[in-house]
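Take a look at the structure below.
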Amino acid sequence: MAASDTERAQQQIDEIEALSSIYGDEWCVVDEDEKIYCIKISDCLDQPKWTLCLQVILPPGYPTAEPPIYQLNAPWLRGQDYTELANSLEEIYVQNLGESILYLWVEKIREVLIQKAQSSDPEPDIKKTTEEVDEDDGDDFLLDYQPVQEDQSKMLNYMTSESQEDEELPPIHHGNPITDRRSTFQAHLAPVVTTRQVKRVLEKLYENKKIASATHNIYAYRIYCEDKQTFLQDCEDDGETAAGGRLLHLMQILNVHNVLVVVSRWYGGILLGPDRFKHINNCARNVLVEYDYVPSVEESSRQAGKSKKIRKDNKKRTEH
């Protein structure tokens with residue numbers, strides 16, 4: 001008998017609670033409503049040499065009818081390493097159809113990292129930078145975003161000082177606000193292709209007295225540089241510790257580019273705890289979906305299902 005939507009939802013809740021209990025601070029909820037999670041996995045050494053971030057989206061049909069949508073993020077993971085690890089995860093899914101598999105995936109990845117730490121493989125060359133190298137053979141992202149310590153406005157002034165041309169102000173879109181316990185969150189989005197445009201959009205937003213008076217204006221942007229095949233990206237907490245990094249992390253998972261997202265929060269006097277990060281990410285994701293920077297979770301799930309069916313059909317044809 002096929003599992004109902006309610007049963008699948010409960011299975012997901014049970015699995016997430018178990019993983020959160022097992023892995024503690026290593027487990028991170030990126031967007032609870034959209035079922036987006038990530039976990040930082042290391043080689044278990046006192047000072048880890050090899051680390052990797054596994055990000056997953058749980059579609060409505062998981063675990064009985066659909067696989068998780070996943071991404072492996074590490075600066076050293078590319079080429080054969082990426083292919084072999086991805087194949088291992090796919091194999092675990094096929095061998096455990098209908099079962100909860102995230103724990104098996106995490107421990108398989110940890111096993112690979114431990115093997116690398118114990119082998120003669122050279123340590124990964126991890127550069128602390130906000131750029132991502134876009135290789136032909138993989139989706140590789142920086143594992144940890146290192147926030148710029150300088151004052152953000154000064155940094156943007158420095159980055160754009162050489163450009164004297166007055167670039168056109170991009171259109172600015174505003175998302176629907178979310179209110180919880182008297183705190184209100186609202187996202188603003190603008191297409192950008194240069195850091196000068198980022199600066200102009202921020203200046204324009206701050207001309208609005210309501211936005212300028214917000215308790216926090218958290219933002220992140222990602223710009224794809226065609227000539228260097230890299231991503232130029234940065235973020236700002238504006239006093240909401242780690243919020244900018246989380247927002248940028250969400251944008252990396254969704255693989256959006258050439259866009260700036262600002263989330264304004266007006267504090268209502270009641271502490272929200274971790275829920276504030278959920279609202280920030282929800283606002284950001286909603287506006288990105290609304291303006292077609294990313295498909296909805298349902299569309300992503302259907303695309304993943306089609307891809308998996310195509311692979312299975314090709315495998316059957318090969319066998320015959």
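FYI, the numbering just counts along the sequence from 1.
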Are any non-hydrogen side-chain atoms of [X] and [Y] less than 4.5 angstrom apart?
| X | Y | answer |
| --- | --- | --- |
| N281 | I36 | no |
| L102 | P68 | yes |
| V262 | I211 | no |
| D81 | K116 | yes |
| L58 | I16 | yes |
| M251 | F231 | no |
| I101 | Y62 | yes |
| Y224 | Q229 | yes |

Kindly indicate, with the supporting measurements, whether the criterion side-chain hydrogen bond (donor to acceptor under 3.5 Å, both in side chains) is fulfilled by Q197 and Y221.
-> CA-CA 11 Å; Q197 287 185 324; Y221 65 85; over 6 Å; no
Among all residues two or more places apart in sequence or in another chain, which pass the side chain to side chain donor-acceptor pair (under 3.5 Å) test with [X]?
| X | value |
| --- | --- |
| E226 | none |
| K35 | Q12 |
| S183 | R265 |

Working to the nearest 0.5 angstrom, can you tell me the gap between [X] [atom1] and [Y] [atom2]?
| X | Y | atom1 | atom2 | result |
| --- | --- | --- | --- | --- |
| L288 | C283 | CG | SG | 11.0 Å |
| C235 | L250 | SG | CG | 12.0 Å |
| H257 | C225 | NE2 | SG | 12.0 Å |
| Q252 | L248 | CD | CG | 4.5 Å |
| I218 | I280 | CD1 | CD1 | 4.0 Å |
| T194 | K199 | OG1 | NZ | 11.5 Å |

Which salt bridge (charged side-chain N to carboxylate O under 4.0 Å, His left out) pairs, counting each pair once, include a residue from residues 241-259, with sequence neighbours left out?
->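 Applying salt bridge (charged side-chain N to carboxylate O under 4.0 Å, His left out) to every pair that reaches into residues 241-259, excluding sequence neighbours, yields nothing.
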Can V198 and D234 be said to form a side chain to side chain contact (heavy atoms under 4.5 Å, CB included), step by step?
-> CA-CA 10 Å; V198 172; D234 208 342; over 6 Å; no
[X]: what forms a side-chain contact (heavy atoms from CB on, under 4.5 Å) with it, not counting sequence neighbours?
| X | result |
| --- | --- |
| A9 | none |
| E111 | K108, Q115 |
| K209 | none |

What pairs with Y70 under ring-ring contact (aromatic ring centres under 6.0 Å, His included), at least two apart in sequence or on another chain?
->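 Only W105 meet the ring-ring contact (aromatic ring centres under 6.0 Å, His included) criterion with Y70.
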If you look at every heavy atom in Q186 and G175, which pair is closest and at what distance?
->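 Heavy atoms only, the tightest pair is NE2-O, 2.9 Å.
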So which heavy atom on D238 is nearest to which on H216, and how close?
->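 Minimum heavy-atom contact is O-ND1, 2.8 Å.
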If two hydrophobic side chains count as joined below 4.5 Å and joins carry through other members, does W266 share a cluster with V263?
->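 No; V263 is not reachable from W266 via cluster members.
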Determine whether I114 and L72 fall in the same hydrophobic cluster, where Ile, Leu, Val, Met, Phe, Trp and Tyr are linked whenever their side-chain heavy atoms lie under 4.5 Å apart.
->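 Hydrophobic grouping puts I114 apart from L72.
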Would you sort out whether L189 and V259 count as a side chain to side chain contact (heavy atoms under 4.5 Å, CB included), showing the intermediate values?
-> CA-CA 7 Å; L189 175 150; V259 63; 3.7 Å; yes
[Y] backbone acceptor or donor facing [X] side chain under 3.5 Å:
| X | Y | value |
| --- | --- | --- |
| S264 | A214 | no |
| R285 | N282 | no |
| D237 | A242 | yes |

Got a sec, which pairs hit ring pair (Phe, Tyr, Trp, His ring centres under 6.0 Å) with one end in residues 177-204, sequence neighbours left out?
->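 Output for this query lists H174-H188, F185-H279.
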For R181, check salt bridge (charged side-chain N to carboxylate O under 4.0 Å, His left out) against everything at least two apart and list the hits.
->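 Checked R181 against salt bridge (charged side-chain N to carboxylate O under 4.0 Å, His left out); matches are D275.
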With sequence neighbours excluded, tell me which residues meet salt bridge (charged side-chain N to carboxylate O under 4.0 Å, His left out) with E17.
->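 With neighbours one apart ignored, the set is empty.
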Can E84 and V112 be said to form a side chain to side chain contact (heavy atoms under 4.5 Å, CB included), step by step?
-> CA-CA 10 Å; E84 289 179 355; V112 170; over 6 Å; no
Could you go step by step and tell me if T179 and T184 meet the side-chain hydrogen bond (donor to acceptor under 3.5 Å, both in side chains) rule?
-> CA-CA 4 Å; T179 301; T184 299; 3.2 Å; yes
Verify the distance criterion only: is there a donor paired with an acceptor across the side chains of D14 and Q10 at less than 3.5 Å?
->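 A pair is found: one side chain offers a donor N or O, the other an acceptor, under 3.5 Å apart.
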Evaluate the criterion side chain to side chain contact (heavy atoms under 4.5 Å, CB included) for residue pair N217 and L205; output intermediate values, then yes/no.
-> CA-CA 10 Å; N217 282 302; L205 285 172; over 6 Å; no
Pairs under 3.5 angstrom only: tabulate donor-acceptor contacts from the side chains of residues 22-31 to other protein residues two or more places apart or in another chain.
| unit_1 | atom_1 | unit_2 | atom_2 | d |
| --- | --- | --- | --- | --- |
| Y23 | OH | E107 | OE2 | 2.6 |
| D31 | OD1 | D33 | N | 3.3 |
| D31 | OD1 | E34 | N | 3.2 |

